[in-house]
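Shown next, in structure tokens, is the structure this report addresses.
Just so we're clear, the structure is a prediction, and the values are computed from it rather than from any experiment.
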Amino acid sequence: MPEPTPKYAPLVTASGLTVDMPLGRDGNSVRIVDNIDFSIGVGERVALVGESGSGKSLTARALMRLDRLARLSGRIDFDGQDLLKLSEREMTRYRGSAIAMVFQDPMSFLDPLMTIGDQVAETLRIRGVGKAEARKRALAVLDELGVDRAAERLDAYPHEFSGGMRQRVVLAMALVGEPRLLIADEPTTALDVRVQDQVLDLLDDVSARRGLAVLFITHDLGVVAGFAERVMVMYSGRIVEDGEVEQVFAHPKHPYTRGLIKAVPRIDQDLHKLYAIPGAPPPPLARPSGCPFHPRCSESFDRCVSELPAVLNVGGERVACHLHDPLRV
């Protein structure tokens, strides 16, 4: 079982977490997330990064058991309770009040026929909070998140808000239930750079004030350094590197992590062509034998082709790579 960062008390710990999705009605399935271990401490901010299709969002959704068709195995311990052992009715008590999620496309998440006030208050109303009290708390969280003229705009509709303000509304919907873990699934996607900065500053401020643990999902390493304290790198359904942000950025240990960092544009470099990792991630139904990254890796050797790397402790980081195995052959 993985240990959280030492300075944080444990909040959520996933052990051997596996996510299989069905392939039609014949009982066959495809493994999307493959036997991963990780932890998030109370108040800790952790980034989960990787290319599209690596399993980031399904991992996050598994923490809330949002995908009804997904077959989950392993353990997800939240403050000592294994969430995978709860009934669906018991799990609803955790969604919104213990764990909440901010999705990447607020316009597709918001109901165009419901007012902003009703949508923010809905989480509370489902839990039996009276209409007047729920509206009062919805107004308070919108004010906290800097929505202009929040009292007037409670009765407005999503199309009357800008993209940045819609993202604040979605964040308000997640925060109104006062969760302890906030999952932000690519919340800056499709926003311009200025609005991205505003959303990140807002997340930084509200998580600090509320003592929130945050799991920040992104494919953009450029936004990780200024927000997260720890980063987990995911490839083809597995976590291949997990460590403190400064350490991982300065001395990445997995070849995939090195490739991701190398691909980030830098203002102090004059490049005629941006770097890209050769090839493409394998589809879940066609993962290669051994290390799934070996067909794209310039440092692979025979063992990488035949044997899946174990997760090793290397200089305080967790790394799944044969290059760091003392028994390397």
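Note: C321 SG to L312 CG = 8.5 Å, rounded to the nearest 0.5 Å. Distance check, rounded to the nearest 0.5 Å: CZ of F293 to CZ of R238 gives 14.0 Å. Distance check: M101 CE to M173 CE gives 13.5 Å after rounding to the nearest 0.5 Å. Residue F78 holds its CZ atom at 7.5 Å from CG of L83, rounded to the nearest 0.5 Å. Here I76 contributes atom CD1 and L84 contributes atom CG; the two are 4.0 Å apart, rounded to the nearest 0.5 Å. Taking CG of D220 as the start and CD of Q196 as the end, the distance is 7.0 Å to the nearest 0.5 Å.
Scanning both residues, P282 and Y235, for their nearest heavy atoms gives CD-OH, 3.2 Å. The two residues C304 and H322 come nearest to each other via the heavy atoms CA-CD2, 3.7 Å. Closest approach of L181 to V214, counting heavy atoms only: CD1-N, 4.2 Å. Minimum heavy-atom separation, A62 to L17: CB-CD2, 4.3 Å. Residues E88 and R68 come closest through the heavy atom pair OE2-NH2, 3.2 Å. The shortest non-hydrogen separation linking M165 to V147 is SD-CA, 4.1 Å.
Applying the salt bridge (charged side-chain N to carboxylate O under 4.0 Å, His left out) rule to pairs touching residues 175-188 yields D79-R180, sequence neighbours excluded. Within the structure, no pair that satisfies the salt bridge (charged side-chain N to carboxylate O under 4.0 Å, His left out) test touches residues 164-177, not counting sequence neighbours. Within the structure, the side-chain hydrogen bond (donor to acceptor under 3.5 Å, both in side chains) test picks out the following pairs touching residues 276-293 (sequence neighbours left out): S236-R287. Screening residues 117-174 for ring pair (Phe, Tyr, Trp, His ring centres under 6.0 Å), with sequence neighbours left out, gives no hits.
With respect to the salt-bridge test (charged N to carboxylate O, under 4.0 angstrom), the residues E90 and K85 do not qualify. Contact check on E299 versus R258 returns a salt bridge, with a Lys/Arg side-chain nitrogen under 4.0 Å from an Asp/Glu carboxylate oxygen. Between E44 and R230, at least one side-chain nitrogen of the basic residue sits less than 4.0 Å from a carboxylate oxygen of the acidic one, meeting the salt-bridge criterion. Ion pairing between D118 and R125 fails under the 4.0 Å rule for side-chain N and carboxylate O. We find that R318 and D242 are joined by a salt bridge, their nearest charged nitrogen and carboxylate oxygen being less than 4.0 Å apart. Ion pairing between R153 and D148 fails under the 4.0 Å rule for side-chain N and carboxylate O.
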For this session: Mind running side-chain contact (heavy atoms from CB on, under 4.5 Å) on V245 and F227 for me, showing each step along the way?
Result: CA-CA 9 Å; V245 167; F227 178 78; over 6 Å; no
Exercise. So L110 and V169, side-chain contact (heavy atoms from CB on, under 4.5 Å) or not? Walk me through it.
Worked result: CA-CA 9 Å; L110 294 169; V169 171; 4.0 Å; yes
Exercise. What's the verdict on side-chain contact (heavy atoms from CB on, under 4.5 Å) for V240 and M234, showing C-alpha distance, side-chain angles and the deciding distance?
Worked result: CA-CA 6 Å; V240 297; M234 196 165 197; over 6 Å; no
For this session: For T257 and V248, run side-chain contact (heavy atoms from CB on, under 4.5 Å): C-alpha distance rounded to whole Å, both residues' side-chain angles, the deciding distance at 0.1 Å, then the answer.
Result: CA-CA 8 Å; T257 309; V248 171; 3.7 Å; yes
For this session: Quick one: do R296 and E51 satisfy salt bridge (Lys or Arg N to Asp or Glu O under 4.0 Å)? Show the steps, please.
Result: CA-CA 13 Å; R296 307 173 69 189; E51 293 167 289; 2.9 Å; yes
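Side chain of R303 to backbone of P309: no donor-acceptor contact under 3.5 angstrom is found. In this structure, E229 contributes its side chain and V46 its backbone to no donor-acceptor pair below 3.5 Å. A donor-acceptor pair under 3.5 Å links the side-chain atoms of H324 to the main chain of K253, judged by distance alone.
The hydrophobic cluster containing V314 does not contain V311, counting ILVMFWY residues as joined when their side-chain heavy atoms lie under 4.5 angstrom apart, directly or transitively. When hydrophobic clusters are built by joining Ile, Leu, Val, Met, Phe, Trp and Tyr residues whose side-chain heavy atoms come closer than 4.5 Å, directly or via intermediates, L182 is grouped together with V42. One hydrophobic cluster, built from ILVMFWY side chains closer than 4.5 Å, holds both F249 and Y256. L58 and L23 fall within the same hydrophobic cluster, defined by Ile, Leu, Val, Met, Phe, Trp and Tyr side-chain heavy atoms under 4.5 Å apart, directly or through other members. Placement of V19 and L285 within a single hydrophobic cluster is found when ILVMFWY residues are connected by side-chain heavy-atom separations under 4.5 Å, directly or transitively.
Using a 4.5 Å cut-off on side-chain heavy atoms (C-beta onward), S29 and M21 make no contact. Side-chain contact between F216 and P187 is present, with at least one heavy-atom pair separated by less than 4.5 Å. At least one side-chain heavy atom of L323 sits less than 4.5 Å from a side-chain heavy atom of F301. Side-chain contact check for M232 versus V49: every heavy-atom pair is 4.5 Å or farther apart. Looking at heavy atoms from C-beta onward, V30 lies out of side-chain contact with D20 at the 4.5 angstrom threshold. The shortest distance between side-chain heavy atoms of I40 and L215 falls below 4.5 Å. Residues P288 and H294 form a side-chain contact, since some pair of their non-hydrogen atoms from C-beta on lies under 4.5 Å apart. The shortest side-chain heavy-atom distance between I36 and T18 does not fall under the 4.5 Å cut-off.
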Listed pairs under 3.5 Å, donor-acceptor, residues 136-146 side chains, sequence neighbours left out:
from : atom 1 : to   : atom 2 : distance (Å)
E144 : OE1    : R210 : NH2    : 2.7
E144 : OE2    : R209 : NH1    : 2.7
E144 : OE2    : R210 : NE     : 3.2

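Scanning for salt bridge (Lys or Arg N to Asp or Glu O under 4.0 Å) contacts around E152 gives R149, with sequence neighbours left out.
Enclosure of atom CD in E307 by more than 12 non-hydrogen atoms of other residues, nucleotides or ligands within 6.0 angstrom is indicated.
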